[in-house]
Asker: 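Please find one structure pasted underneath; my questions will follow.
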4 protein chains.
Amino acid sequence: MFELDLRSRKPIYEQLVEKLKVLIISEVLKTDEQLPSVRVLSTQLTINPNTIQKAYRELERQGYIYSLPGKGNFVARVTRDGNTERLAKLREELVKILSEAIYLGMKKEDIIKIISEVDVMVRGGEK
Amino acid sequence: MFELDLRSRKPIYEQLVEKLKVLIISEVLKTDEQLPSVRVLSTQLTINPNTIQKAYRELERQGYIYSLPGKGNFVARVTRDGNTERLAKLREELVKILSEAIYLGMKKEDIIKIISEVDVMVRGGEK
Amino acid sequence: MFELDLRSRKPIYEQLVEKLKVLIISEVLKTDEQLPSVRVLSTQLTINPNTIQKAYRELERQGYIYSLPGKGNFVARVTRDGNTERLAKLREELVKILSEAIYLGMKKEDIIKIISEVDVMVRGGEK
Amino acid sequence: MFELDLRSRKPIYEQLVEKLKVLIISEVLKTDEQLPSVRVLSTQLTINPNTIQKAYRELERQGYIYSLPGKGNFVARVTRDGNTERLAKLREELVKILSEAIYLGMKKEDIIKIISEVDVMVRGGEK
DNA sequence: GTGGTCTAGACCACC
DNA sequence: GTGGTCTAGACCACG
């Protein structure tokens, strides 16, 4: 289900957060669907339960999931507002990465192509 | 000259690397121009010299500057090859950020506008 | 375990890098084996932890080891490609040293004998 | 006459020492021949005279040249003994470099070919 | 317990 | 004056 790189410099819990975000964004995991329990995921991935917990808490903080104590963790509905803060941060990151990419020779057309691909992937599920 | 967030989770030397990259990319600092000396920057920013050193060595590793021991640190000429690896990494990051941005409601047109702005900023200096 | 010359002009961390390379090359330290922790080595050699760190990071940069933050440093698998650059540098050094050695009277047969010894030492572990 | 890399990490005086050694070893500069004066070389290379001086002193220390105060610097006769110390050091370096080269995949035959080339270059002048 | 980062301050080689 | 190295010792994130 997941491929985590235990040798990566990036913390495992962050990798988990990213992977789960992808699943949510691409709507493999749908709104209100239950995520695998900490214990199950922990044994499946042979990873410390604390690490899973930390990832779930982080996703909750970012509004991607919500937790019902005693029940489990569930995918949250996307709120298209209240994200201005996060969007500002993303925009900033975007500028940084784009600057470097263009400086190193990536072409504008290549970038636009990437955008289109991502756009299809993300919004493809909606109508 | 710089605004560093000493409280950020992101290491100071990484922040410095990013800030300096921006200056180089936007050609505020030009090829072969000398960067402020480790000690000068250290006192200006009230940051330990070792931290500045680390940032400079990282920039050198990435090919953005070169160092002449006993002379100083200087902006390197851009090499348009040998960047394929770095570009692949940037592309990957790009996909990740774009996914999330689009998911959270950023519009394709907005993104393209950002690209154009960055493109002008970076390539504006060239002819 | 190591004999470092603290008075040498050669930086301690470079000496460490060389010593560790020998251990890795001669397969005293085997692939994926854990290296002594920064702190342990630091107290064993009565050398500052930062210096050990620097040596480890240099070895990582050269592809001899990899680091798992929070876990330790481990011997990397040898990659037989991507070394062309390094090999070119080594070849250059070789020519320089051989020139001087032959000029000072070292005989071709002696050198070939040395090669054979090294060859056995390095490739002896393989089949 | 010389190509010095002012951008190299290696000190300029060391580069000079190496270049001059090559000229002496390959007998472009012959025994008792006079080396260019510090002043001349200094202006030719647009390099600080102190740096040239340092290189000459180093070559003298290693027995490659001798200096007649008020006259100049001259190529010394090779002494085929008294070099045991230097030869031991070279041998040690040789082992180190060969180990790494072989470890990284350089073949024994390649190395022997290099030796032959160098041997011809160095001893070619003699009969 | 592990590596990663940072500070404060020192000494050295180079030019 | 410049970068390069090193020490002594601290704090933090990670698992």
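Per chain, numbering begins at 1; letters A, B, ... match sequence-line order.
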Asker: Of Val38(B) and Lys71(C), whose closest DNA chain F nucleotide lies nearer the 5' terminus?
Answerer: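 Nearest nucleotide further toward 5': that of Val38(B).
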Asker: Over all strands shown, is Asn50(B) touching base, sugar-phosphate only, or nothing at heavy-atom distances under 4.0 angstrom?
Answerer: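 Result for Asn50(B) = base.
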Asker: Ignoring hydrogens, what is the shortest heavy-atom contact between Ala76(D) and Gly63(D)? Give both atom names and the distance.
Answerer: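 Closest heavy-atom pair between Ala76(D) and Gly63(D): CB-O, 3.5 Å.
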Asker: Ignoring backbone atoms, test whether Lys54(A) places a side-chain nitrogen or oxygen under 4.0 Å from the OP1 or OP2 oxygen of dG15(F).
Answerer: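 Result: no.
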Asker: Kindly give the heavy-atom pair with the smallest separation between Tyr56(D) and Leu41(D), and that separation in Å.
Answerer: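 Closest approach of Tyr56(D) to Leu41(D): OH-CD2, 3.5 Å.
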Asker: To the nearest Å, how far apart are Gln34(B) CD and dG3(F) C1'?
Answerer: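 Answer to the nearest Å: 11 Å.
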Asker: Round to the nearest Å and state the distance from Leu45(B) atom CG to dA8(E) atom P.
Answerer: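 It is 13 Å, rounded to the nearest whole Å.
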Asker: Please state how far atom CZ in Arg61(B) lies from atom C1' in dG4(F), giving the value in whole angstrom units.
Answerer: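 Going from Arg61(B) (CZ) to dG4(F) (C1'), I get 18 Å.
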Asker: Look at Asn73(C) and dG3(E) and indicate whether a side-chain polar atom (N or O) is within less than 4.0 Å of OP1 or OP2.
Answerer: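 True: Asn73(C) side-chain N/O within range (under 4.0 Å) of dG3(E) OP1/OP2.
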Asker: Output all residues satisfying side chain to side chain contact (heavy atoms under 4.5 Å, CB included) with Asn48(A), sequence neighbours left out; order by chain, then residue number.
Answerer: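 With neighbours one apart ignored, the set is Asn50(A), Thr51(A).
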Asker: If each of Tyr56(C) and Pro49(B) is mapped to the nucleotide of DNA chain E with the nearest heavy atom, which maps nearer the 5' terminus, i.e. the 5' end?
Answerer: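 By nearest-heavy-atom nucleotide position, the 5'-most residue is Tyr56(C).
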Asker: Of all residues at least two apart in sequence or in a different chain, which pass the salt bridge (charged side-chain N to carboxylate O under 4.0 Å, His left out) check with Lys96(A)?
Answerer: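 Partners of Lys96(A) under the salt bridge (charged side-chain N to carboxylate O under 4.0 Å, His left out) test: Glu18(B).
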Asker: Among residues 4-14 of chain B, which residues get a heavy atom nearer than 4.0 Å to DNA chain E?
Answerer: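 Residues of residues 4-14 of chain B that come under 4.0 Å of DNA chain E are, in numerical order, Pro11(B), Ile12(B), Tyr13(B).
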Asker: Taking Glu100(D) as the fixed residue, which of Lys89(C), Arg86(C), Arg91(C) is the one that meets the salt bridge (charged side-chain N to carboxylate O under 4.0 Å, His left out) rule?
Answerer: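 One option only clears the test, and that one is Arg86(C).
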Asker: For Gln53(C) and dG4(E), is the shortest distance between a side-chain N/O and OP1 or OP2 below 4.0 Å?
Answerer: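 So the side-chain polar atoms of Gln53(C) do come within 4.0 Å of the phosphate oxygens OP1 or OP2 of dG4(E), strictly under.
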Asker: Nearest whole angstrom, please: distance from the C1' of dT5(E) to the CD1 of Ile52(B).
Answerer: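 The answer, rounded to whole Å, is 14 Å.
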Asker: What is the distance from OH of Tyr66(C) to P of dG4(E), rounded to the nearest Å?
Answerer: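 For the pair Tyr66(C) OH and dG4(E) P, the rounded distance is 14 Å.
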Asker: Search all heavy atoms of Ala101(B) against all heavy atoms of Leu87(A) and return the closest pair with its distance.
Answerer: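 Nearest heavy atoms, Ala101(B) then Leu87(A): O-CD2, 3.9 Å.
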Asker: Taking side chain to side chain contact (heavy atoms under 4.5 Å, CB included) as the definition, give me every residue that meets it alongside Arg61(A), ordered by chain and number, with sequence neighbours left out.
Answerer: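 Partners of Arg61(A) under the side chain to side chain contact (heavy atoms under 4.5 Å, CB included) test: Glu58(A).
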Asker: Can you sort out the partners of Arg9(B) under side chain to side chain contact (heavy atoms under 4.5 Å, CB included), two or more places apart, ordered by chain and number?
Answerer: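 For Arg9(B) the side chain to side chain contact (heavy atoms under 4.5 Å, CB included) partners, ignoring immediate neighbours, are Tyr13(A), Glu14(A).
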Asker: Answer yes or no: does a side-chain N or O of Thr51(D) lie under 4.0 Å from OP1 or OP2 of dC14(E)?
Answerer: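 No, Thr51(D) has no side-chain N/O under 4.0 Å of OP1/OP2 on dC14(E).
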Asker: Send over the distance from Asn48(B) CG to dG4(E) C1', rounded to a whole Å.
Answerer: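 About 15 Å, once rounded to whole Å.
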Asker: Of the non-hydrogen atoms in Gln34(D) and Gly72(D), which two are nearest, and what is the gap between them?
Answerer: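 Reported closest heavy-atom pair: NE2-CA, 3.9 Å.
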Asker: Please report the closest heavy-atom contact between Phe74(C) and Asp32(C), naming both atoms and the distance.
Answerer: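 Looks like CD2-O, 3.5 Å.
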Asker: Among the nucleotides dT5(F), dG3(E), dG3(F), which one has an atom lying closest to any side-chain atom of Ser37(C)?
Answerer: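 Within the option list, the nearest is dG3(E).
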Asker: Atom CZ of Arg57(C) and atom C1' of dT5(F): how far apart are they, to the nearest Å?
Answerer: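 In whole Å, dT5(F) C1' lies 16 Å from Arg57(C) CZ.
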Asker: Counting runs of three or more consecutive pairs, Watson-Crick or G-U wobble, with each distance below 3.5 Å, where are the stems of DNA chain E?
Answerer: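 The stems that DNA chain E takes part in, listed by first number, are E:1-14 with F:1-14.
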Asker: From CD1 of Ile47(A) over to P of dG15(F), roughly how many Å is that when rounded to an integer?
Answerer: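 That distance rounds to 8 Å.
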